Protein chains: 2
Amino acid sequence: MASHDLNDTAHRILDVAEGLTQTQGFNAFSYKDIQAELGIKTSSIHYYFPTKSDLATAMVDRYIERFLEALEEIDQKHKTGLAKLQAMGRIFVGVAAAQKLCLCGMLTSDVLSLPQDGLNELRRFYKETERWIMKAITQGINDGELKDSTSLEDTAAHLLAALEGGMLVARVRKDSGYMQAVLDQALDFLGK
Amino acid sequence: MASHDLNDTAHRILDVAEGLTQTQGFNAFSYKDIQAELGIKTSSIHYYFPTKSDLATAMVDRYIERFLEALEEIDQKHKTGLAKLQAMGRIFVGVAAAQKLCLCGMLTSDVLSLPQDGLNELRRFYKETERWIMKAITQGINDGELKDSTSLEDTAAHLLAALEGGMLVARVRKDSGYMQAVLDQALDFLGK
DNA sequence: GAAAATCTATCTATAGATAGATAAAATATT
DNA sequence: AATATTTTATCTATCTATAGATAGATTTTC
């Protein structure tokens, strides 16, 4: 089910679920919490998402769709590989500033309560994002901004890991500059 | 309450709770799960840890105590800064191989369901570990193995973020070499 | 026999989920 | 165009299962 099949109410439900998941975790909120925030009964939420698994799948679907779109926009808006990586980094810095976790990062810790579909989606998220990062790094190397990499794949994996981990740690280390520092450091390693 | 005050049963309870937290998350298991694995009634578990918050605090206390001890042992067993960092990295690679998350990493995503004490403990974990990493890097620089760092603090923060994030992502990317690759890459950045 | 540890039994609250009534909107029939 | 039918959306009420927690009896240990 792609997100354009969803009506307004379904989207609003997902908005709340997404926020709650990113701040508290998937197991830490209930349909009642959504009811409280949206003024719509839990039974109506079940109408759109019969089980919580369905909710998870729809939520992560939409998130990935939007995230990948955002990466495409970055591709169009920014020219150099480094500028693209910085723009992507800014997304994560923003998430950390909101005291949130990447939705997929959070779901990755709740992974055992997800349906198999959800797991596959998460895998897709990491894979596609890493692929995008690899492309950006390659471009940066060609631009002459970034230094040659022994293993492009490992370098991309590392960058994404650092960003996901940074958001995690940032929740505890309330220090507002922390996430930016992690990002800067990671990108610095890629520079000449 | 330091972990040497705890008796055998309490330790076994914490063992199970720790395993469940690292694989499923703190909100995803119940006292009943511990009962099932340990053959001891939930009421008896409440005898040792009246509330789940108490359990969380004791669990994280013990974990940090042991982790910091492990770092001290590394300090004694290994001479160079790089060897120390590699040894620490091996701990995390082992956790990932067991399809687990760092206990503190997992609790960091469940942070809102933790008591304030627990949050402080988590903060301590990251702080102390970063401090240890800084020391090791400094030593590595003096050893001539590692290159000079602009900001020691940020470099250490980045390394820890990459490790925490790596464990997270490794759960989804079933690829068994993934975590090692992230570690190698991160350490490679520090080398000359 | 006192203290520590475990058990049985039970409570209250909440979770996710469903049945069935009802209202509102869209579509079809005359 | 007016009416009937169907579909979509929401509600009330309720179920079953499980959560964390507690009281109090019983057993084990010292």
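Everything numeric here is computed off the predicted structure, so don't read it as measured data. Letters A, B, ... mirror the listed sequences (proteins, then strands); counts begin at 1.
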Axial cation check for B:Tyr47 ring with B:Lys41, 6.0 Å and 45° limits = no
key: Below 4.0 Å: OP1/OP2 of D:dT10 and any side-chain N or O of A:Tyr47   = no
task = Please report, rounded to the nearest Å, how far the C1' atom of D:dT28 is from the CG atom of B:Asp8.
result = 16 Å
query = Taking atom types as modelled, is there a side-chain donor on A:Tyr31 or A:Ser43 under 3.5 Å from an acceptor on the other?
reply = no
ask   = For B:Arg173, does its backbone N or O pair with a side-chain atom of A:Arg123 as donor and acceptor, under 3.5 Å?
value = no
request  = Take atom CD1 of A:Ile13 and atom P of D:dA9, then tell me their distance rounded to the nearest Å.
outcome  = 11 Å
Please enumerate all protein N or O atoms sitting under 3.5 Å from an N or O of nucleotides 14-19 of chain C, with distances to 0.1 Å.
| from | atom 1 | to | atom 2 | distance (Å) |
| --- | --- | --- | --- | --- |
| C:dA15 | OP1 | A:Ser30 | OG | 3.1 |
| C:dG16 | OP1 | A:Phe29 | O | 3.4 |
| C:dG16 | OP1 | A:Lys52 | NZ | 2.9 |
| C:dG16 | OP2 | A:Tyr31 | N | 3.1 |
| C:dA17 | OP2 | A:Lys52 | N | 2.9 |
| C:dA17 | N7 | A:His46 | NE2 | 3.3 |

remark   = Whole-Å distance, A:Leu38 CG to D:dA9 P, equals 15 Å
Gap between atoms CZ and C1', on A:Arg12 and D:dT10 respectively (whole Å) = 12 Å
message = Quick check against the 3.5 Å criterion: does A:Asp143 have a side-chain atom that pairs as donor or acceptor with the backbone of A:Gly81?
response = yes
message = Any donor-acceptor pair under 3.5 Å linking the side-chain atoms of A:Thr51 with those of A:Asp54?
response = yes
query = Can you check the A:Tyr48 OH to D:dT10 C1' distance for me, whole Å?
reply = 8 Å
task = Name the closest nucleotide to the B:Lys41 side chain, picking from C:dA4, C:dT8, D:dA9.
result = C:dT8
inquiry  = Ring of A:Phe189, cation from A:Lys147 - is the NZ or CZ under 6.0 Å from the centre and inside 45° of the axis?
reply    = no
